[in-house]
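Both ligands and their constituent atoms are indexed starting at 1 by order of listing. In what follows, residues are counted from 1 in the order of the sequence shown.
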Amino acid sequence: MRKFVYHFNEGSKEMKYLLGGKGANLAEMTNIGLPVPPGFTITTEACKDYNDHNQILSDDIYAEMMTHLQILEQETGKKFGDATNPLLISVRSGAPFSMPGMMDTILNLGLNDLSVQGLENATNDARSSYDCYRRFIQMFGDVVYNIPSYRFEQALTDLKNENDYKLDTQLTATDLQKLINQYKDLYISVSGREFPQNPFEQLRLSITAVFDSWENPRAAIYRRLHHIDNQLGTAVNIQSMVFGNTGESSGTGIAFTRNPSTGENLFFGEYLLNAQGEDVVAGIRTPEPISHLEDTMPEVYQKLLDVAALLELHYLDMQDIEFTIEKGELFVLQTRTGKRTAQAAINIAVDLVHEGKLSKEDAIMRIDTSQIDQLLHPSFDEASLKATTSLATGLPASPGAATGQIYFNAEDAVLAAERGEKAILVRNETSPEDIEGMAKSVAILTAHGGMTSHAAVVARGMGKCCVAGCDAIAIDESQKTLQTATFTLTEGDFLSLNGSTGKVYLGQIPLVESEIGGHFEELMSWVNEAKKLVVRVNADSPNDLEVGLHFGAEGVGLCRTEHMFFQDDRITYVRQMIIAETLEERLIALAHLKEMQKADFAGIFRVANGKPVNIRLLDPPLHEFLPKTTQDIEKLAGELGKPVVELKQRVQDLGETNPMLGHRGCRLAITFPEIYIMQAEAIMESAIQIHDEGIAVFPEIMVPLVSSKEEIAIIKKQLKEAIQTIFRREQLVLPFDIGTMIEIPRACVTADEIAEEAQFFSFGTNDLTQLTFGFSRDDANKFLYAYQEQKILPIDPFQSIDQKGVGALVTTAVQRGRMTNPALKMGVCGEHGGDPASIHFFHKLGLQYVSCSPYRIPIARIAAAQASILEERQEKVMV
Ligand code: PEP
Ligand code: MG
C-alpha cells in the first residue's frame, strides 16, 4: 500500500517533493535533535490523490492519518478533543517550494466548548485558553468556511473599544468568552453553518481546506509569477501546538541567521511576547527586534543563537527560522532557506566561501539569476534628494528607489499600471490577496508590520522597493487618503520611496542607475574563472558599450547600424539615398553618410579598445526610413529640390505588403551593392584611424538575413575588394572577419555551404524564432498568452529559446557549419543571449559567445558560469 503519511522522525530534508519544504525540514530538525513539537506530514501525493478524486479525501489516507494522530497522542500524553488535557494541533500547508503566506494555516485545532475547559484545566490559564479558542474559531472560519477575517477583526476591535483597551492582550478571559459567542453567531449569520464542535470533523475539513488552498487564486498567481509547477500539490503538516500566548515569558518570532537585506553576518529577527504565530507575520502589532530578547530572556536567546548556528551549518545557507517560546522554553517550528535581496544573496554566498563552508562553484550555483536585476535598480538623484525633505520614515524593507502615484488597493494599482502609470501600492498592511497589485506596482508602502511582514517578505522576493511599518502616516483605505502631521494625500498623488533607508518623500524625485557594491566584483571574478561562454554586448553607441563593459562585456556582439541612421543630422541623407533613382544620386548621399558612420564606428572602436566589435550592415526594409506624413514628404521635397508629387509616388512605390519578409537585409546589397560597400569602407577607414591613434581594433563585418551561400559569396567579394583598395591606398593591412547572421531557417539547413564563405555565424534568434514559427515578432503577443495558458508553449519563445524547434535548427547549423569550417566562430546576438535557460542551451551546443543588452550582462555571465559548472558536475557523475 502507498504511504501517504510520515511522522516527523521518518522524513528528511531530501524529501521536499513528497513532504513539502516545511515538512521535510521539520523532519530534518527532529532528526538532528532540535526542540521541534512532534507531528506528522500528509504528503503532496495525498494532495494529488485528493485532486484526482474530485476533491475527496480517501478513506485509506484518513485512516493512515488517524494512526499517526494516535501516535501523536502517545508522544504528547494528551488526547485529541479531551475534556481534561486536550491535544491541540496546527494544520499547515507546505508546498515543495516556499510560497510565503500564499496558502492556509489553522492553529489550535481540537478546541471546542468542552476541550477549552480541558485546556484551562491543564494550563491553569483561562485567559490564554480562551484566546486560543477564539483564534481557532477565527482561522477555521476564514480558511474553511470563507468567513472574511475582517468580520472577526471588527468584532474584536469593537470589544476593545467598548472596554477602552489598546492591546489585544488586555482582553480578559470573560471578554474572550463573550467574543467567542459573537464569533459563533458570525458563523451562522455569514455562512449559515454552525462552528463544528467535533474535533475529527474540524480536522478533516481543515485538511481538505489546505489541499483546496493549493488551487486558490492567490496561490495560482504566485506560482505563475515564480514559475512553480501547478502539478506539485501541497503537503499538510500536523503538529502538536506549543503556546506563545501564555503570558510574558512566552512569545513567538522569526529569526534570520544573517541579515536578509544586506547579507551581513549578524543574527537578525523580530519577536512578540504573549503572541501566537501569525501575529508577527500579519503585522498587526509591531514586533521587537530580536536583540531585545537577549535582555529579557538571555538563556532563551542563547539557545536560539545555538539553534541558528547549528541550522546554518547544517544547511550551509542563511536560514529563516520560526520559533515559539512557551513559558521560557524554546521550540523551533520551521526552518527554511531565507529569502534575501540579490545583494544579500551575493554577500552571503561569498562570505560562506570565505568562512570555508562553500566552494566558489557552489557560491555561483546559489545565485538566482532572476534576482540579479535587483542589483541594477535605480536610486535617487543625489542633488534632487538633497533638495527634498522626507515626509516620514518607515522600515527599509526592500531596497531600491521608486517614484510614482499612490493607490490604496490592489485593484486600483493594477488598473493604474495598465494605464501606464507608475503605481505605488499604499496599504495599512498587505495580505496575499494583494499579490497582483504588488507585482504591478513599482513600490509598496505600509503603515503597519515589521521587516518580516507579508509586504516586506514578498517585496524582497519580487525585488521591489518597499517601506513597511511607517507608523508616522495614517492610511484610510476606504476614504483613500494618506495623512501625515502636515499633509493629506489622495489617490493619484505622487510619492517617492527609498526602500534602502525607509524614507518616504512627497512628490517625484528623479532616479539614477544603480552602483553595484559588496562582494559582487569578487563573485564575478569567480564567474569569469568558471564560465566558458564569452559574453558580449549588443551596443549601438559608445555609451551602450561603456555600460556593457562596466558590467563585464568582452566585446560587441551586435552593433545595429540602422539605429545610427535615424539621427536628426543624417535622416535626410538616408532618405536621399533611398529615393535616389540613379547610382550617381545615391553615391552623393552615401558619401555624406560614410563620413558620419566613420565617426560612429571610430567612437565605438575607441571604447572597445581592441575587443572584437561586430558591426551588422544595414538590415531593415528601406521604406522604414521614409517620411510618413504629407508634411514630412513636403519638407523632404524642399530639402532635396524634388517635386512633391514625384516624391509621394516614390514613397508609395517603395512600400511593401510584408516588409519583414521583403526587401531588407542582404537583399538590399544584392540590388544596391554600394550601400554595404559604403558601410564596409566606413568600418575599415575608421578602424585605420583608431589603429593610428595607437588603439588595437578588431572589426567583424556581419551580413544579415543570409539564406544562401551565393548571397554571401557575392557580397563578401564586393566588400573584400573595397577593403583591399583601402589597404593598398593606406599601405596598411588590419585583421578583420566577414561573417553572417544565421536567422533564416534555410540558412540553418544549408549552413555547411554558407560556412565555406563565412568566418563567423551569429545566430539572430529573434528572426529565427519569427521565421521558424511563422509568428510575427510584432504581433505575436496578441495570441501567445493563450498558447501559454493552453500549454501549447511553456514560455514565450521570443523570451526563452524554443529548444525543440528553433533550437534544433540552431543545432543543425552548428553541426553543418563545423563540418565545412572547423574554425568557424559562433555566437548568439538575439534576445535569447541574455536569457539564462537559453544560455544553458547555447553552452551545451559549444557556441563561443552570447551577446545581450548591457543591463543583462551580469545575468548572462552568471548563467554562463552556472551552465559550465553544471556540465562539469554532470560529467563527474557520468564517470
Ligand atoms: C535577430 O534577429 O535575432 C537579431 C539580433 O536581429 P534584429 O533583432 O535586429 O532583427
Ligand atoms: Mg534579425
Do me a favour and list the nearest non-hydrogen protein atom to atom 6 (O) of ligand 1 with residue, atom name and distance?
Arg616 NH1, 2.9 Å
Where ligand 1 meets Arg560 - atom numbers and elements under 4.0 angstrom, heavy-atom basis
4 (C), 5 (C), 6 (O), 7 (P), 8 (O), 9 (O)
Any nitrogen or oxygen of Asn766, side chain or backbone, less than 3.5 Å from one on ligand 1?
yes
Cys829 heavy atoms within 4.0 Å reach ligand 1 at atoms 5 (C)
Select the closest option to atom 8 (O) of ligand 1 among Arg777, Met660, Glu831, judged by heavy-atom distance.
Arg777
Looking only at N, O or S atoms in Asp767, which is nearest to the Mg ion (ligand 2)?
OD2
Going by the atom numbers of ligand 1, which of them fall below 4.0 Å from some non-hydrogen atom of Gly764?
1 (C), 2 (O), 3 (O)
In terms of atom number and element, which parts of ligand 1 are under 4.0 angstrom from non-hydrogen atoms of Leu558?
5 (C)
Per atom 2 (O) of ligand 1, closest listed option by heavy atom (Ile744, Leu768, Thr769, Asp767)
Asp767
Does ligand 1 come near enough to Arg664 that some N or O of the ligand is less than 3.5 Å from an N or O of the residue?
no
Please name the atom of Glu743, restricted to N, O or S, that is closest to the Mg ion (ligand 2).
OE1
In terms of side-chain geometry, is the basic nitrogen of Glu554 or Lys611 positioned less than 4.0 Å from the acidic oxygen of its partner?
no
Can you sort out which atoms of ligand 1 are near Glu743, meaning under 4.0 Å from one of its heavy atoms?
1 (C), 2 (O)
